[in-house]
Amino acid sequence: MKDDNCIFCKIAAGEIPSATLYEDDDFRVILDIEPASKGHALILPKEHYANLYELDDELAAKAMVLAKKMVTKLTAILGCDGYNVVQNNGTVAGQTVFHFHMHLIPRYQGDGVKLGWKQGTLTDEVKEEILTKIREK
Ligand code: 5GP
Ligand code: ZN
């Protein structure tokens, strides 16, 4: 399914031009227009899924395999020192385009890219609460 109002549907379908690194029946991989670092890429499914919650199971598995292949190939090409694979769901999590995508962000020593969070403490209370609830599901 496509969403007529979705820019990533149009890019994935080739209706809007993009710097395409890879394409198959299910996905297009493009360079991000506002990269966090040199080579920052996005994996876009060709069908519209707003986020990970909606994503088809089979496609989810394929997306991870593709991420592995792209990261391996791009590491050799870019000569980067590491990679972040990032995937945002919901505005609160930083999602700005509501068509599922995975960020492939090459990391270079001293690049100054910030993706971090302030580390908290796992309390016994919270741990027990979550473990109890997940076992009930
Ligand atoms: P999000 O914040 O939703 O996880 O990531 C959206 C990403 O899409 C951002 O990194 C942004 O730079 C990128 N982006 C938004 N519009 C376009 C576009 O038209 N072309 C490309 N190549 N990237 C885009
Ligand atoms: Zn879409």
Side-chain angles (χ1 to χ4, degrees):
M1 214 182 75
K2 307 276 189 289
D3 179 336
D4 287 345
N5 298 314
C6 173
I7 188 162
F8 279 4
C9 277
K10 293 188 174 75
I11 290 175
E15 290 163 19
I16 294 178
S18 63
T20 296
L21 304 177
Y22 173 85
E23 185 185 2
D24 62 24
D25 288 347
D26 297 314
F27 299 99
R28 183 184 293 270
V29 183
I30 65 169
L31 288 176
D32 195 295
I33 205 165
E34 291 184 310
S37 65
K38 181 183 170 186
H40 180 170
L42 302 170
I43 296 180
L44 313 179
K46 292 191 171 179
E47 295 293 313
H48 182 85
Y49 302 94
N51 49 42
L52 185 62
Y53 302 106
E54 290 190 1
L55 187 63
D56 172 81
D57 284 359
E58 196 182 325
L59 220 50
K62 285 183 180 174
M64 187 51 86
V65 173
L66 179 55
K68 178 183 170 176
K69 283 184 182 157
M70 293 305 302
V71 162
T72 303
K73 198 178 255 189
L74 285 165
T75 296
I77 291 168
L78 296 166
C80 57
D81 303 304
Y83 250 95
N84 290 114
V85 177
V86 177
Q87 199 277 307
N88 301 326
N89 298 282
T91 306
V92 71
Q95 187 176 12
T96 58
V97 180
F98 294 88
H99 174 125
F100 173 88
H101 52 280
M102 291 169 81
H103 294 262
L104 309 179
I105 304 175
R107 299 303 304 272
Y108 304 87
Q109 293 294 342
D111 63 20
V113 173
K114 292 205 170 42
L115 296 166
W117 54 87
K118 188 171 162 286
Q119 290 178 318
T121 304
L122 178 61
T123 62
D124 287 342
E125 190 188 355
V126 168
K127 182 171 69 183
E128 287 313 319
E129 178 198 332
I130 296 169
L131 291 177
T132 304
K133 284 181 179 167
I134 198 109
R135 283 179 196 130
E136 287 166 358
K137 280 279 172 196

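Predicted, not measured: the structure shown is a model, and the values here were computed from it. Below, all heavy atoms of this structure are taken into account, side chains as well, without hydrogens, waters or symmetry copies. Order of appearance sets the numbers: ligands from 1, and atoms from 1 within every ligand.
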Which heavy atom of the protein is the closest neighbour of atom 9 (C) of ligand 1, given with residue, atom name and distance? D32 OD2, 3.3 Å
Min N/O separation L42 to ligand 1 under 3.5 Å: no
Just going by heavy-atom distances, which of I33, V86, N51, I105 is nearest to atom 17 (C) of ligand 1? I33
N88 to ligand 1: N or O pair under 3.5 Å? yes
Describe, in one word, how the ring planes of F8 and H101 are oriented to each other, choosing from parallel (under 30°), tilted (30 to 60°) and perpendicular (over 60°). perpendicular
Name, closest N/O/S atom of H99 to the Zn ion (ligand 2): ND1
Per-atom filter on ligand 1: closer than 4.0 angstrom to a heavy atom of H103 are 1 (P), 4 (O), 5 (O), 7 (C), 10 (O)
Co-membership, hydrophobic cluster, residues F27 and L52, 4.5 Å side-chain: yes
N/O/S atom name from H48 that is nearest to the position of the Zn ion (ligand 2): ND1
In Å, rounded to the nearest 0.5 Å, how long is the span from CG of D57 to NZ of K62? 12.5 Å
Note: ligand 1 atoms sitting under 4.0 Å from heavy atoms of H101 are 1 (P), 3 (O), 4 (O), 5 (O), 6 (C)
State, without any angle test, whether Q87 and N89 hold a side-chain donor-acceptor pair at a distance under 3.5 Å. yes
